[in-house]
Every structure is written in C-alpha cells, then in structure tokens.
Protein chains: 2
Amino acid sequence: MNTRAHIIQLADTLIRDKGYNAFSYHDIAKTIGIKPASIHYHFPVKSNLGVAVIEKQIDRLFAVIEKYKSKSAVERLDKFLSIYTAIQKDNKICLVGSLATDFNTLDEQVREKLKTFSELMLDWVSDFLEEGRSTELFEFEGSSRTKAIMIVTNMLAIVQLSRLTNEQDFDTVKNSIKQDLIKK
Amino acid sequence: MNTRAHIIQLADTLIRDKGYNAFSYHDIAKTIGIKPASIHYHFPVKSNLGVAVIEKQIDRLFAVIEKYKSKSAVERLDKFLSIYTAIQKDNKICLVGSLATDFNTLDEQVREKLKTFSELMLDWVSDFLEEGRSTELFEFEGSSRTKAIMIVTNMLAIVQLSRLTNEQDFDTVKNSIKQDLIKK
DNA sequence: AGATATATATCTATTAGTAGGTAGGCAAAT
DNA sequence: ATTTGCCTACCTACTAATAGATATATATCT
C-alpha cells in the first residue's frame, strides 16, 4: 500500500479506537516505520488528515450505495447493519459518533466534511426505508427521515455503549431494528 | 461553591463539551482562578477527577430515581427525556457517550465507574418501562431491557448527531420515542 | 490564654514527556 | 533537472505530575 493511503487507514482506525484528540502523528509514524515529521509531507496539518479520513469513508459509502442501487430494501438494510457489525467486532466505533464527540474541538473544514458524510448516510438509509415501505417490505409510521434517524442513532450509540455493557447488546439492537421494521 | 465541587462541575462540563482527552487542568484552573498545580491537591491524577465526575452524576441520578420513585411511568419517562433535552440545549453530550468514545484511553477505575453509571441508567429506564407496560400506559414488544437500550441509544446518539444536522432532529427523536411507546 | 502542632489550600518552580509543526538536506525516481 | 518522499534537527507550546514553600485556619496541649 502507498504511504498516503496507509496513513489515512491508520488514522481512521485510531480515530475510531481512541478518538481524534488521543491519536498523534507519532502513533501513525511508528506503525508505518517512518518519522513523525514525514507525515507532515503528506498532511501538513492534522485537520488535513482528518478531512482525508472522512473523504475516504464518503468514497467507500458511495461505492456501497452504487453497488446496492438495484438490490432490495431488505438487502440494503442488511448491508447497513453489517457495516456496524464489522465496527463492533473490531471494538471500534462509528466515525460520525467519534468525531461528533470531539466536534467542538474540530476545524471548520473537518466539521463540514463530517456533516456531508452524515447527510449522505442519512439520505441513503431514508431512501431504502422509503422504498421498503412503498414495496410493502417494511412497516413504520412517520417520515422515512425520522425512521432513518431512529435507526442510525441506535447503531451509532450501541457500538459505543456495548464497550461498557456487553457484546450481546449489539445483536439485541440489530435484531430489534429488523423485527420492528419487517412487515408481518 | 467549594473548590473541589467547582472543579468537578467544570470537568464534567468540559468532558461533555470537548471530550476527556481534550481538557486539561489548565482549562479548569484558569476558570476558577487558581494554578493548575493546585488542582492536583484535590485530584492527584486526572483519572481521580474522572472518577469523581462520574460519581457525582451517579449521585444525581440516584436522587432523581428516589424523587420519582412513586410517580407514574409516563412522568418518569418525561424526566428521563428532559435530562437529555437539557444536555442538547447546552450543546453538550451525554457523559456515557463522551467517555465511551474515549473508553480505550481510560484507566481501569474510570472504566469501572462508567460501567456502574450506565447500568444504573439502563436499570432505571428498564424499570419504568416494565411498570408502564404492566399498568398499560406503554406498549412495546420484547424485554424491557431491550426497549431501554433502544431508547437510551436513541437519546445518547441524537445529542451527538444533532451537532452535525440540526436541533429539530432532537425533538423529532424525542417525540418519536413517546409516540411509539404510549398506548393508543 | 498562650504556645504549639496539624490540616487545609494554595503558591512557585520544576521536571520529563508529548504535541503539532517547520526548515533544510538528501537520495532516488521521473 | 525536477519532483517525490523521506530524513535529521529543531522549535514552541502544552501536558500531567512532583517538590517544597507559604499562609491561614483549626485543634490540642500546657
């Protein structure tokens, strides 16, 4: 892997493991095997790296959205849930949740990029919920955006909360979302 | 207010504003008007302060639980929601959410205290949900603990997420929880 | 009552370490 | 010959934490 991509990947992992303000260029440098100052060649200031991490996640979500474009609403829901399942298995948390916690310490550019990412995610979830309801796969009351927020907040928070309680709580939430949504 | 209590209160606010790793003894010292070293007299190491912050929140929640002991399940739900409403209005986040994000950087003592706090909160919510269902005020499927987790994750995450989206999303979630729960 | 001891709460000064960031050099690839 | 990608060396600022001095109460003993 090229160094730049490697730095982004490690930063992403560190942010979702320890939080934005708890990782340093040193952490990344020692893992890659270069000097901290060399990271500055690729990302002059830390917020540049923060923005790059979010941009990469946006790209990845875009790719998922494209890939699942013509799949059923249930398949798209399962894909959404599987993304968080992977996060939870890795003892990490969602990027949005991590950076939202540190929001008041972030640069304007990082904040704006983060807003773009969260909107993209909410729009995607709203879309497949709406479609699932119109095809009578799903059943729920209120707007699809409201339901999307309810589901996204469940997943965003359970990856955080299950660090304190236990792993099973994650499955409980996942199953509860599906059971609540799928038309009987 | 005595200095010790003042320090705890400021630390609590800072943790829920910027996160545990983004606040320093200096931040607290300059607000109170004493020197950073003086904070060490009250809390030798930072984790001592972290534990004290959680302990104070546990005490406050205990007081709420006691006060609302004999009130209706609906009143207790409203009280629970109002706690998060106050947090959101203040542009802060929930202590559990903030420290869960930084969990992998925390001392064992802080982690354990945090677990105690989250258990207390989940037990309280489970209790009034269960009682609300048995008195036919609430309607929901599955165990009361599962429902408690769903509701707590909604609130924990929406105070974080609404920093990125907009304030109305908070009210949307709050209303959605009540509407979903209250028996028609 | 007066002297003495103790506890409380702060200060100044310092340490060791880490943070993000900059300047300038150098070797290899293009 | 220039760009790329890294290096060494450095800087400033901040971090948590410690040591030791000081001032002021408060309690205890004679």
Side-chain angles (χ1 to χ4, degrees), chain A residues 1-54 56 98-99 101-111 113-114, chain B residues 1-54 56 98-99 101-111 113-114:
Chain A
M1 200 191 313
N2 73 68
T3 306
R4 188 190 154 86
H6 199 176
I7 293 167
I8 294 173
Q9 181 244 301
L10 287 173
D12 177 276
T13 303
L14 284 164
I15 291 170
R16 295 185 301 99
D17 185 50
K18 312 198 297 179
Y20 185 81
N21 293 308
F23 93 90
S24 69
Y25 276 24
H26 174 76
D27 294 331
I28 294 171
K30 95 183 151 205
T31 303
I32 298 187
I34 59 174
K35 298 293 159 183
S38 305
I39 315 278
H40 285 279
Y41 167 76
H42 299 278
F43 303 96
V45 297
K46 198 180 182 182
S47 59
N48 297 152
L49 178 52
V51 168
V53 165
I54 304 168
K56 198 200 162 193
S98 180
L99 292 177
T101 298
D102 299 329
F103 195 73
N104 293 340
T105 72
L106 301 176
D107 277 29
E108 194 54 33
Q109 305 150 35
V110 183
R111 290 185 190 190
K113 196 58 78 176
L114 186 61
Chain B
M1 197 192 314
N2 72 69
T3 306
R4 188 191 153 86
H6 199 176
I7 293 167
I8 293 173
Q9 181 244 301
L10 287 172
D12 177 276
T13 304
L14 285 164
I15 291 171
R16 294 184 304 99
D17 184 50
K18 313 197 299 178
Y20 185 82
N21 293 308
F23 93 90
S24 70
Y25 276 23
H26 174 76
D27 294 331
I28 294 172
K30 92 181 156 209
T31 303
I32 297 186
I34 58 174
K35 299 292 160 184
S38 305
I39 314 279
H40 284 280
Y41 167 76
H42 300 279
F43 304 96
V45 296
K46 199 181 182 183
S47 60
N48 297 152
L49 179 51
V51 168
V53 166
I54 304 168
K56 198 199 162 197
S98 180
L99 292 178
T101 298
D102 299 328
F103 195 71
N104 293 341
T105 72
L106 300 176
D107 276 30
E108 194 55 32
Q109 305 151 34
V110 182
R111 291 185 189 190
K113 197 58 81 174
L114 186 61

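Chain identifiers are assigned alphabetically (A, B, ...) following the order of the sequence lines, protein sequences preceding nucleic acid strands; residue numbering begins at 1 within each chain.
Between the CG atom of N2(A) and the P atom of dT4(D) there is a distance of 14 Å, given to the nearest Å. In this structure, N48(A) atom CG and dG20(C) atom C1' are separated by 12 Å, rounded to whole Å. dT18(D) atom P lies 15 Å from atom CZ of F43(B), rounded to whole Å. Nucleotide dT18(D) holds its C1' atom 9 Å from the NE2 atom of H40(B), rounded to whole Å. One atom, NE2 of H6(B), and another, P of dA9(C), lie 16 Å apart when rounded to the nearest Å. Distance L106(B) CG to dA16(D) P: 14 Å, rounded to the nearest Å. A straight line from NE2 of H42(A) to P of dG20(C) spans 16 Å, rounded to a whole angstrom.
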Name the pairs: protein N/O against N/O of nucleotides 20-23 of chain D, kept only if under 3.5 Å.
none

What are the atom names and distances for every N/O pair under 3.5 Å that joins the protein to nucleotides 11-14 of chain C?
from, atom 1, to, atom 2, distance (Å)
dC11(C), OP2, K35(B), N, 2.7
dC11(C), OP2, S38(B), OG, 2.6

Polar atoms only, N or O, under 3.5 Å: list the protein pairs with nucleotides 17-19 of chain C and their distances.
from, atom 1, to, atom 2, distance (Å)
dA19(C), OP1, S24(A), OG, 3.1

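A close approach under 4.0 Å does occur between a side-chain nitrogen or oxygen of Y41(A) and OP1 or OP2 of dG5(D). Distances shorter than 4.0 Å separate none of the side-chain N or O atoms of T3(A) from OP1 or OP2 on dG5(D).
When every heavy atom of A29(A) is checked against every heavy atom of P36(A), the shortest pair comes out as CB-N, 3.5 Å. A pairwise comparison of heavy atoms in G19(A) and S98(A) identifies CA-OG, 3.9 Å as the closest pair.
Of the residues D12(B), L14(B), I7(B), the one that meets the side chain to side chain contact (heavy atoms under 4.5 Å, CB included) test with V53(B) is D12(B).
With rounding to the nearest 0.5 Å, the separation of CD1 in I15(B) from OG1 in T101(A) is 12.5 Å. Note that the CD1 atom of I54(A) and the CD atom of Q109(A) stand 10.5 Å from one another [nearest 0.5 Å].
Applying the side chain to side chain contact (heavy atoms under 4.5 Å, CB included) test to T105(B) and every residue at least two apart in sequence or in another chain returns K18(A), A22(A), N21(B), D102(B). Scored by the ring-ring contact (aromatic ring centres under 6.0 Å, His included) test, Y25(A) finds H40(A) as partners (sequence neighbours excluded). Evaluation of the side chain to side chain contact (heavy atoms under 4.5 Å, CB included) rule for T31(B) yields L10(B) as partners, not counting sequence neighbours. Residues forming a side chain to side chain contact (heavy atoms under 4.5 Å, CB included) with A5(A) (at least two apart in sequence, or on another chain): M1(A), N2(A). Looking at residues two or more places apart in sequence or on another chain, you find a side chain to side chain donor-acceptor pair (under 3.5 Å) between N104(A) and D17(B).
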Could you list the donor-acceptor pairs under 3.5 angstrom formed by side chains in residues 42-52 of chain B, with sequence neighbours left out?
from, atom 1, to, atom 2, distance (Å)
K46(B), NZ, Y20(B), O, 2.9
K46(B), NZ, F23(B), O, 2.9
S47(B), OG, D107(B), OD2, 3.2
N48(B), OD1, V45(B), N, 3.1

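Within the 4.5 Å cutoff, side-chain heavy atoms of F103(B) are placed close to those of L114(B).
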For nucleotides 25-30 of chain C, just jot down a letter per nucleotide in 5' to 3' order: B, S or -, based on protein non-hydrogen atoms under 4.0 Å. ------
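Near DNA chain D, defined here as any heavy-atom distance below 4.0 Å, there are no residues from residues 11-18 of chain A.
Screening residues 32-42 of chain A for salt bridge (Lys or Arg N to Asp or Glu O under 4.0 Å) gives no qualifying pairs among residues at least two apart or on separate chains.
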